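Read the structure below first, then the notes.
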Amino acid sequence: MPDIFKAFAVAFSKINGILTDMFYEVLKKSETCSARLGVLHLRRGDVPTPIFMPVGTRASVKALSPLELEELGAKIILGNTYHLFLRPGMEIMNLAGGLNRFMGWERPILTDSGGFQVFSLATLRKIMPDGVKFASHIDGTRFFLGPRESMQIQRTLDSDIVMAFDECTPYPATREQAEKSLVLTTRWEAMSREQPLNDGQMRFGIVQGSTFDDLRKRSATEITALDFDGYAIGGVSVGESEPEMIAAIDAAAPCLPQDRPRYLMGVGTPRQIVEAVARGVDMFDCVMPTRLGRHGSAFMPNGETLPIKAGRFQKDFSPIDPECGCYACRNFTRAYIRHLFNVGEILGVRLLTIHNVHYFLNLARRIREAIANDTFDRLRAEFE
RNA sequence: GGUGGGGUUCCCGAGUGGCUAAAGGGGGCAGACUGUAAAUCUGCUAGCGAUGCUUUCGGUGGUUCGAACCCACCCCCCACCA
């Protein structure tokens with residue numbers, strides 16, 4: 001596309017943004033797939049899309065300081081309603097003046113609603129019509145978390161993007177179970193939608209439907225009708241195969257409005273992210289870079305992982321990835337980082353976390369550049 | 001020189017007649033991890049032609065149907081006393 005048209009397209013989408021609410025703008029769409037370049041305008045700053053959001057469940061992206069996140073180029077991070085409600089609790093969060101102030105992070109935060117804990121802490125909860133009775137995984141204390149409670153907590157956290165309270169459907173699920181879960185989720189999200197939020201907080205709905213195309217479409221349609229600021233595809237990365245995950249996106253994405261951001265929750269591997277972008281997804285979060293970093297795996301250019309603890313790196317004095325520009329790769333060797341893991345020094349965990357988070361943030365950057373330069377198909381091919 | 005304690009599979013270490021190829025750690029190796037109950041978890045770790053066989057508990061003999069485990073001698077280590 002000639003530059004003049006490009007500029008026009010950008011200008012048009014900007015006007016378009018003003019006509020809506022300027023929360024989300026599409027800057028460019030790929031001509032060969034559904035990938036799109038955009039920007040989220042949030043209270044605490046703009047977020048370019050496609051974007052990767054590091055996960056900071058308990059008011060910390062594990063092993064990293066806000067300064068390091070800033071230097072790595074993180075634009076938005078996650079927090080979690082369930083975990084922050086339990087500790088430090090809302091009294092302290094209120095006194096602190098919200099999650100951003102509490103943790104010293106000035107850029108946007110997206111908070112998950114606790115819906116994922118309905119899935120991950122399945123043995124410690126009971127689903128009720130208006131929410132979930134949990135027994136705290138810390139001390140067993142009983143408490144109730146539903147759409148109303150979750151919205152109220154996220155208000156106190158004062159996050160920039162608030163997720164509706166859903167039931168993350170377990171995998172595998174029968175059609176009957178998936179449908180029942182979908183109906184419950186739609187109800188809960190309608191309740192979530194009614195709750196007041198703070199000025200400037202954006203609210204996302206979540207699509208469920210498990211592995212059933214028609215249920216995915218139905219859920220997407222029902223949730224869209226509730227008119228959220230953005231839409232997430234949930235109930236993925238719960239143990240299903242990659243083709244099943246892709247199928248869920250293929251089923252749901254076309255039913256979501258073009259002028260709102262799409263967020264694929266909990267995903268994923270580099271390839272899964274690239275494939276989802278090709279299908280029109282704009283936002284991602286995943287614990288993979290931070291968790292694998294703590295567990296001794298480093299991401300390599302092709303998306304595979306290097307087990308740094310392996311004995312074969314004992315005398316390997318090259319960087320994790322010679323092509324990588326992160327602090328860990330610029331300054332330290334495999335042999336040294338392996339040694340740190342070997343003796344249990346926390347710096348090892350920190351260095352791999354820095355490398356992995358850099359990898360994911362950089363992947364998102366490369367994706368954005370590729371869409372802008374019409375080379376996304378080429379980038380996509382690197383991960384096949 | 002004397003007295004006492006001890007030498008176990010890569011390392012530390014449990015095991016005192018058959019249920020012991022030998023507990024438990026460590027180390028090593030492999031794997032898992034996807035809106036974080038995870039700086040975590042799971043396997044394997046003598047050899048082999050492998051539902052069994054061979055070698056192994058400092059060494060050499062011996063007792064016994066059977067020994068890492070009991071006996072004799074030898075080698076080595078540690079502690080204390082001379």
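Below, each value reflects all heavy atoms present in this structure, side chains not excepted, and no hydrogens, waters or symmetry copies. As the structure is a computational prediction, the values presented were derived from the model and not from experiment.
For G4(B), the paired base is C78(B) (Watson-Crick or G-U wobble, both distances below 3.5 Å). Pair assignment for C53(B): G47(B), on the basis of Watson-Crick or G-U wobble contacts that are both within less than 3.5 Å. Within the shown strands, A32(B) is the pairing partner of U40(B) under the Watson-Crick or G-U definition, both distances less than 3.5 Å. A72(B) is paired with U60(B) under the Watson-Crick or G-U wobble criterion, all donor-acceptor distances under 3.5 Å.
For the C1' atoms, the distance from U55(B) to A21(B) is 10 Å, rounded to whole Å. Rounded to whole Å, the separation between the P atoms of C53(B) and C44(B) comes to 22 Å. Using atom P as the reference point in both G66(B) and G6(B), the two lie 28 Å apart (nearest Å). With both ends at atom P, the span from A22(B) to G27(B) equals 23 Å, rounded to whole Å. For the P atom pair drawn from U63(B) and U16(B), the interatomic distance equals 25 Å after rounding to whole Å. Taking atom P in both U9(B) and G5(B), one finds a spacing of 22 Å when rounded to whole Å. Separation of the P atoms belonging to C57(B) and U8(B) is 11 Å when rounded to the nearest angstrom. Rounded to whole Å, the C1' atom of U3(B) lies 24 Å from the corresponding atom of C70(B).
At the heavy-atom level, Leu78(A) lies under 4.0 Å from the strands shown only through sugar-phosphate atoms. At the heavy-atom level, Gly268(A) lies under 4.0 Å from base atoms of the strands shown. Residue contacts for Glu167(A): at a heavy-atom cut-off of 4.0 Å it reaches no nucleic acid atom on any strand shown. At the heavy-atom level, Gly235(A) lies under 4.0 Å from base atoms of the strands shown. If you check every strand for non-hydrogen atoms under 4.0 Å, Ala232(A) touches nothing. Leu110(A) comes within contact range of no nucleotide atom at all, as no heavy-atom separation falls under 4.0 Å. Arg338(A) comes within 4.0 angstrom of sugar-phosphate atoms only, judged by non-hydrogen atoms across all strands, and of no base.
Of all the residues in residues 281-299 of chain A, Asp285(A), Cys286(A), Val287(A), Met288(A), Thr290(A), Arg291(A), Leu292(A), Arg294(A), His295(A), Ser297(A) reach under 4.0 Å from RNA chain B with at least one non-hydrogen atom.
Regarding Phe360(A), its CZ atom lies at a distance of 10 Å from the P atom of G35(B), rounded to whole Å. Look at NZ on Lys309(A): it is 11 Å from P on A39(B), rounded to the nearest Å. What separates CD of Glu240(A) from P of G35(B) is a distance of 11 Å, to the nearest Å. The CZ-P distance, from Phe116(A) to A37(B), rounds to 6 Å in whole Å. Put simply, CG on Asn80(A) is 5 Å from P on U36(B), counting in whole angstrom units. Counting to the nearest Å, the P atom of G35(B) and the CD1 atom of Ile161(A) are 17 Å from each other. Rounded to an integer number of Å, the gap from Lys62(A) NZ to A37(B) P is 9 Å. To the nearest angstrom, P of C11(B) lies 18 Å from CG of Asn342(A).
A donor-acceptor pair shorter than 3.5 Å cannot be found between the side chains of Thr375(A) and Asn373(A).
You'll find the side chain of Arg101(A) stays beyond 4.5 Å of the side chain of Glu106(A), heavy atoms only. Between Thr353(A) and Val357(A) the shortest side-chain heavy-atom distance falls below 4.5 Å.
For Gln117(A), a side-chain nitrogen or oxygen approaches OP1 or OP2 of A37(B) to under 4.0 Å. Between Arg312(A) and the phosphate of A30(B), there is a side-chain N or O to OP1/OP2 separation shorter than 4.0 Å. For the pair Thr57(A) and U36(B), the criterion of a side-chain N or O lying under 4.0 Å from OP1 or OP2 is met.
At a cut-off of 3.5 angstrom, the base of G35(B) holds at least one donor-acceptor pair with the side chain of Asp166(A).
Here the closest heavy-atom approach between residue Phe383(A) and residue Pro270(A) is recorded as CE2-CB, 3.7 Å.
In summary, the aromatic rings of Tyr171(A) and Phe119(A) are positioned with their centroids too far apart to meet the 6.0 Å limit. In this structure, the ring of Phe143(A) has its center less than 6.0 angstrom from the ring center of Phe134(A). In this structure, Tyr231(A) has its ring center at least 6.0 angstrom away from the ring center of Tyr263(A). Centroid-to-centroid, the aromatic rings of Phe360(A) and Phe52(A) come within less than 6.0 Å.
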*asked:* For a side chain to side chain donor-acceptor pair (under 3.5 Å) check, start with the C-alpha distance between Asp166(A) and Gln208(A), then their side-chain angles and the critical distance, and finish with the verdict.
replied: CA-CA 8 Å; Asp166(A) 66 331; Gln208(A) 290 292 333; 2.8 Å; yes

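Ile346(A) is not connected to Leu340(A) by any chain of hydrophobic side-chain contacts under 4.5 Å among Ile, Leu, Val, Met, Phe, Trp and Tyr, and they are in different clusters.
Residues Gly344(A) and Met163(A) each lie close to RNA chain B; by heavy-atom proximity, the contact nearer the 5' end of the strand is made by Met163(A).
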